[in-house]
Amino acid sequence: MKPQTTDEIFKSDKSTWFIEVEEGIRIWNLKLVREFWELLKTEKINKNDFSFDGFVFPTFSDSPETQLNTRLNYFVKIFGSNGNILKNTISFINCRFQGDMLFLGQIPGVLDNQMANITISDSLIFTKCTFEMEFRLQAQKILKDLRISKCKFFGESRIILSHINGKLSVHDSSFTQKFSCHGNKNGDNVNFGSIKFNNDIHFGQNKFAKIFSFNTVEINGNSRFHNNKYGGNFTFAAIQLNSKSVFKHENYNKGYFQAIEFSIKNHSFEDILLPDNDSSLTFRNTLFSKSVRLRNCDTNKMIFLDSDISDVKFSSCNWNSPDRLIIFDENKRKDSIIELKKLENIYRQLKKNFDNFKDWELSGKAYVSEMTIRKHRLLKEKNYTSWFIYSFYDVFGGFTQNYIKPLKWFLLFTLFIFPLYYLIFENFDIFNIYPLEYQDCSLKNAFIKSLSSSLPLIKTNLYYNNWWIQSSQTVFSTILITFFVLGLRKRFKQ
């Protein structure tokens with residue numbers, strides 16, 4: 001048999017170098033693997049050539065099984081053979097990884113003194129590569145960028161406990177098995193775009209210093225985002241969540257969810273943190289299904305722009321609303337008729353939502369907010385008649401959601417204003433119209449007249465000089481009593 005050239009060894013298929021057993025585990029011929037890596041060290045690494053085009057790699061592990069021990073990992077042994085700082089860009093183009101691709105560094109707190117960590121002082125790039133087994137970047141320090149584009153991952157993929165000073169970008173790639181991004185520190189922008197995840201994904205305990213964007217992604221497995229901190233804007237746009245999803249203890253500066261498709265599976269946002277005064281979380285053009293739940297969230301800092309939230313389940317959320325709901329959309333809105341109509345619609349959806357879940361108190365507060373915004377819109381439209389009616393409805397009736405307000409007005413008019421009128425004006429007849437016996441209105445009689453006018457069930461034979469005042473009081477008091485009864489009914493509705 002003709003000996004293989006160096007180029008053939010590097011770029012030939014390695015399927016004869018391993019035996020595949022149960023569950024897809026590959027048992028490698030470690031002698032051939034060792035010879036490959038020694039040749040790579042001689043022909044590439046020792047020449048400071050870290051550009052690999054069309055290479056076919058065996059396993060990175062110097063063990064029959066995948067090991068976390070860095071001493072058994074060829075990345076450390078070969079790439080770090082000339083020092084612990086790699087000053088060149090490491091680039092893999094059109095490469096095929098038939099074994100586990102393991103860039104392993106020492107995990108903090110795990111003793112392994114025989115191998116030091118390697119620092120990649122430039123970028124690490126994967127373009128049009130295929131990973132047949134596990135892909136793992138563990139405890140790596142990359143001073144510039146990590147870029148992955150047009151790659152296919154058929155094994156589990158992990159980027160964990162690493163420090164990436166530059167940009168992290170993953171584009172136009174697909175992941176067949178689970179993907180995890182955990183415990184990393186990213187100093188620059190992070191972007192995941194045009195990706196298909198066919199299994200579970202997990203982002204946890206990462207620190208993203210700048211922009212984090214997750215765009216045009218299809219997720220067919222469960223997704224979990226928890227305990228991540230985002231220093232810049234967070235964008236989650238054009239995402240298909242085809243299975244369960246959880247966003248928990250996420251710390252956003254400015255968060256944006258746009259054009260999200262929620263499946264019928266359960267989705268939850270729990271204990272979302274919006275720590276700064278100007279922090280906010282925006283949902284734009286999002287259709288929430290009945291399976292979406294917001295729990296222990298500061299909804300006072302959430303914006304639901306052009307979204308349907310009538311079916312969302314809110315649980316133990318902070319609305320910061322003693323009298324009515326005030327969502328962040330209202331604080332940030334442009335004072336235009338179109339924006340007011342949109343805001344009106346959001347409060348209408350919230351009322352419908354709380355009605356569906358029989359939360360009558362929040363339903364009433366949402367209704368008050370809807371009517372308040374409508375009143376403001378009518379004033380902007382110069383529809384003064386309707387504005388006056390809604391203002392009267394608000395001032396004296398609390399939009400029938402507050403039984404205290406009409407009760408206060410009723411008592412004020414019945415026990416003070418009208419008795420004062422009867423006491424003063426029905427004791428004097430400057431035009432000499434009424435007989436003298438009708439001009440004697442004592443304090444007692446003033447109260448009796450007022451009570452009789454406010455409560456027609458209380459009869460009196462006292463004479464009213466101004467019947468139209470009596471009639472006005474009766475009509476007005478009846479309206480207040482009606483508002484009171486309706487407010488009382490809403491308050492104790494079950």
Do the two ring centres, one from [X] and one from [Y], sit under 6.0 Å apart?
X    : Y    : value
F36  : Y74  : no
F214 : F225 : yes
F288 : F262 : yes
F269 : F283 : yes
F257 : F247 : yes
F192 : F203 : yes
F103 : F60  : yes

Could [X] and [Y] be called an ion pair, given the rule that one side-chain N must be under 4.0 Å from one carboxylate O?
X    : Y    : result
K144 : D122 : yes
E344 : R377 : yes
E330 : R324 : yes
D49  : K47  : no

Between atom [atom1] of [X] and atom [atom2] of [Y], what is the distance when rounded to the nearest 0.5 Å?
X    : Y    : atom1 : atom2 : value
K141 : L143 : NZ    : CG    : 6.0 Å
D298 : N318 : CG    : CG    : 4.5 Å
L350 : N345 : CG    : CG    : 10.0 Å
T89  : R147 : OG1   : CZ    : 7.5 Å
S336 : L343 : OG    : CG    : 10.5 Å

Item to complete: Could you name each residue pair satisfying side-chain hydrogen bond (donor to acceptor under 3.5 Å, both in side chains) that touches residues 153-162, not counting sequence neighbours?
Response: E134-R158, E156-R158
Worksheet item: Within a radius of less than 6.0 Å around CD1 of I85, do more than 12 heavy atoms belonging to other residues, nucleotides or ligands occur?
Response: no
Would you indicate whether the side-chain heavy atoms of [Y] and [X] approach each other to under 4.5 Å?
X    : Y    : value
V368 : N402 : no
Y230 : N253 : no
F314 : D359 : no
V170 : L146 : no
F153 : F179 : no

Cut-off 3.5 Å, side chains only: do [X] and [Y] have a donor facing an acceptor?
X    : Y    : answer
D13  : S15  : yes
S213 : N191 : yes
S243 : N222 : yes
S149 : D172 : no
S291 : S289 : yes
H267 : S245 : yes

Worksheet entry | Closest heavy-atom pair and its distance - F354, A366 | CD1-CB, 4.3 Å
Worksheet item: How far apart are the C-alpha atoms of L362 and F357, what are their side-chain angles, what is the distance that settles it, and do they pass the side-chain contact (heavy atoms from CB on, under 4.5 Å) test?
Response: CA-CA 10 Å; L362 286 178; F357 291 104; over 6 Å; no
Worksheet item: side-chain contact (heavy atoms from CB on, under 4.5 Å) between M101 and L137: does it pass, once the steps are laid out?
Response: CA-CA 8 Å; M101 205 262 13; L137 261 65; 3.8 Å; yes
Practice prompt. Dump the intermediate steps for side-chain contact (heavy atoms from CB on, under 4.5 Å) on N29 and F18, then the final yes or no.
Written response: CA-CA 6 Å; N29 183 327; F18 63 84; over 6 Å; no
Practice prompt. Kindly assign one of parallel, tilted or perpendicular to the pair W28 and W17, based on the angle between their ring planes and the thresholds 30° and 60°.
Written response: perpendicular
Worksheet item: According to the interplanar angle, ranging from 0 to 90°, do the rings of Y367 and F399 count as parallel (below 30°), tilted (30 to 60°) or perpendicular (above 60°)?
Response: perpendicular
Worksheet entry | Test applied, salt bridge (charged side-chain N to carboxylate O under 4.0 Å, His left out); reference residue, E370; option that passes from K365, K341, R348, K342 | R348
Worksheet item: E270 pairs by side-chain contact (heavy atoms from CB on, under 4.5 Å) with which of K248, E250, H249?
Response: K248
Worksheet entry | Pair F52-K44, side-chain contact (heavy atoms from CB on, under 4.5 Å): steps then yes or no | CA-CA 9 Å; F52 308 95; K44 300 284 286 185; 3.8 Å; yes
